[in-house]
Amino acid sequence: MELRVPEYHEGGLLAGLSHEGPAYLAFVMSFVYIGVIWLNHHALLRLIRGTTLALSWINLAILFGAVIIPFPTAVLASAFTDGDTADRRAAVALYALAAALMSAPWLAFFTYLHRHPALRATDVDPEHIRDQRPRPVTGLILYGLSGLLGWFVHPVLGLVLIIVMIVYHALTSEGLRAGPLRWLAPGRRS
């Protein structure tokens with residue numbers, strides 16, 4: 001994930017920059033995505049007061065998701081800069097697959113924390129932990145759907161759904177009961 005100066009001939013810098021536009025957009029999208037992962041991870045760590053070896057391994061799986069994103073980002077940028085529709089379909093499907101797989105350790109973390117209440121911070125309501133499990137399930141399903149739509153319907157449609165999911169995770173980084181989407185929380189209290 002890097003910004004690069006395009007190759008160009010004298011007088012062709014603007015055309016070269018325009019050609020690299022999809023790569024720049026992919027960079028921004030993934031920077032925001034990694035930022036959203038960081039915000040969610042920061043909120044996640046505020047839920048615990050201790051850890052175990054198992055929870056540490058789950059946390060490493062979450063962090064792996066953040067470090068893997070530059071690869072599908074580079075593939076996406078390349079496909080939308082120099083590829084054809086088949087390349088774009090494959091790139092969107094790869095990005096969606098990586099994003100969907102990143103949701104699994106979040107589900108494992110919330111499930112583990114729900115089953116091990118001694119690890120929760122003292123001010124964390126057990127219902128808050130339980131209510132967070134739909135977020136990674138939503139990620140698994142909708143990122144998977146974005147990959148399928150990007151492959152079978154149109155790559156831009158899949159990409160738009162990926163961006164919607166990144167925004168969803170940004171808006172719910174403090175949990176479903178906090179923030180602008182709190183009305184989505186199961187068993188919401190009025």
Side-chain angles (χ1 to χ4, degrees), residues 1-8 13-46 51 55-110 132 135-174:
M1 205 167 79
E2 64 178 313
L3 294 175
R4 59 188 161 116
V5 176
E7 291 184 24
Y8 65 96
L13 178 59
L14 184 58
L17 288 169
S18 295
H19 180 72
E20 292 294 323
Y24 301 148
L25 289 174
F27 175 87
V28 169
M29 183 177 105
S30 287
F31 175 80
V32 170
Y33 194 17
I34 290 171
V36 167
I37 293 168
W38 182 84
L39 289 171
N40 278 270
H41 191 257
H42 187 68
L44 186 71
L45 293 180
R46 286 196 310 267
T51 190
L55 196 60
S56 293
W57 276 106
I58 295 168
N59 189 45
L60 282 174
I62 289 171
L63 295 175
F64 180 75
V67 300
I68 199 76
I69 281 298
F71 173 69
T73 298
V75 172
L76 193 66
S78 176
F80 275 83
T81 300
D82 297 318
D84 63 4
T85 301
D87 297 329
R88 292 176 184 147
R89 289 179 193 279
V92 168
L94 175 66
Y95 199 99
L97 177 64
L101 292 176
M102 285 190 333
S103 296
W106 291 88
L107 179 59
F109 197 101
F110 289 126
Q132 299 320 303
R135 291 175 60 229
V137 171
T138 300
L140 281 164
I141 293 168
L142 291 183
Y143 282 126
L145 180 61
S146 67
L148 291 172
L149 289 173
W151 184 269
F152 291 109
V153 179
H154 197 279
V156 173
L157 180 59
L159 193 56
V160 166
L161 188 52
I162 289 169
I163 292 168
V164 166
M165 285 305 301
I166 293 170
V167 170
Y168 165 78
H169 286 294
L171 294 174
T172 62
S173 64
E174 292 295 322

Are Leu159 and Phe80 packed together at the side-chain level, in the sense that at least one heavy-atom pair is separated by less than 4.5 angstrom?
yes

Which heavy atom in Glu174 sits nearest to a heavy atom in Ala43, and how many Å separate them?
OE2-CB, 3.9 Å

Work out which heavy atom in Ala77 is nearest to a heavy atom in Thr81; give both atom names and the distance.
O-OG1, 2.7 Å

Just how far is it from atom CZ of Arg4 to atom OH of Tyr24, taken to the nearest 0.5 Å?
7.5 Å

At what distance, to the nearest 0.5 angstrom, does CG of Leu45 lie from OG1 of Thr51?
9.0 Å

How close do Gly144 and Ala100 get, heavy atom to heavy atom, and via which atoms?
N-CB, 4.1 Å

Taking the side chain as every heavy atom from C-beta outward, state whether Leu161 and Leu149 have any atom pair closer than 4.5 Å.
yes

Is any side-chain heavy atom of Gln132 closer than 4.5 Å to one of Leu44?
no

Which distance, rounded to the nearest 0.5 Å, do you find between the CG of Leu63 and the CE of Met102?
11.0 Å

Given 3.5 Å as the limit, does a donor-acceptor pair link the side chain of Ser78 with the main chain of Ala74, or not?
no

Over all atoms of both residues, closest heavy-atom pair of Pro70 and Ala66
CD-O, 3.9 Å

Any non-hydrogen side-chain atom of Met29 less than 4.5 Å from a side-chain atom of Tyr95?
yes

State whether the side chain of Asn40 and the backbone N or O of Ile37 hold a donor-acceptor pair below 3.5 Å, judged by distance alone.
no

What's the separation between atom NE2 in His41 and atom CH2 in Trp106, rounded to the nearest 0.5 Å?
6.0 Å

Student check: side-chain heavy atoms of Glu7 and His19 closer than 4.5 Å
no

Taking all atoms of both residues into account, what is the closest heavy-atom pair of Val5 and Tyr8, and its distance?
CG1-CE2, 4.3 Å

Mind checking the CG-OG spacing from Leu140 to Ser103? Nearest 0.5 Å is all I need.
4.5 Å

Sub-4.5 Å side-chain heavy-atom contact between Phe71 and Leu94
yes

Shortest non-hydrogen contact between Ala79 and Arg88, atoms and distance
O-NE, 3.3 Å

Using the six-membered ring wherever Trp is involved, compare the ring planes of Phe31 and Phe27 and label them parallel, tilted or perpendicular (cut-offs 30° and 60°).
parallel

In short, side chain to side chain donor-acceptor pair (under 3.5 Å) pairs touching residues 137-147 with sequence neighbours left out are Tyr33-Tyr143

Hey, what do you get for CG (Leu107) to CD1 (Ile62), rounding to the nearest 0.5 Å?
10.0 Å

Here's a test for you: under side chain to side chain contact (heavy atoms under 4.5 Å, CB included), which of Val75, Leu76, Val156 qualifies with Val92?
Leu76

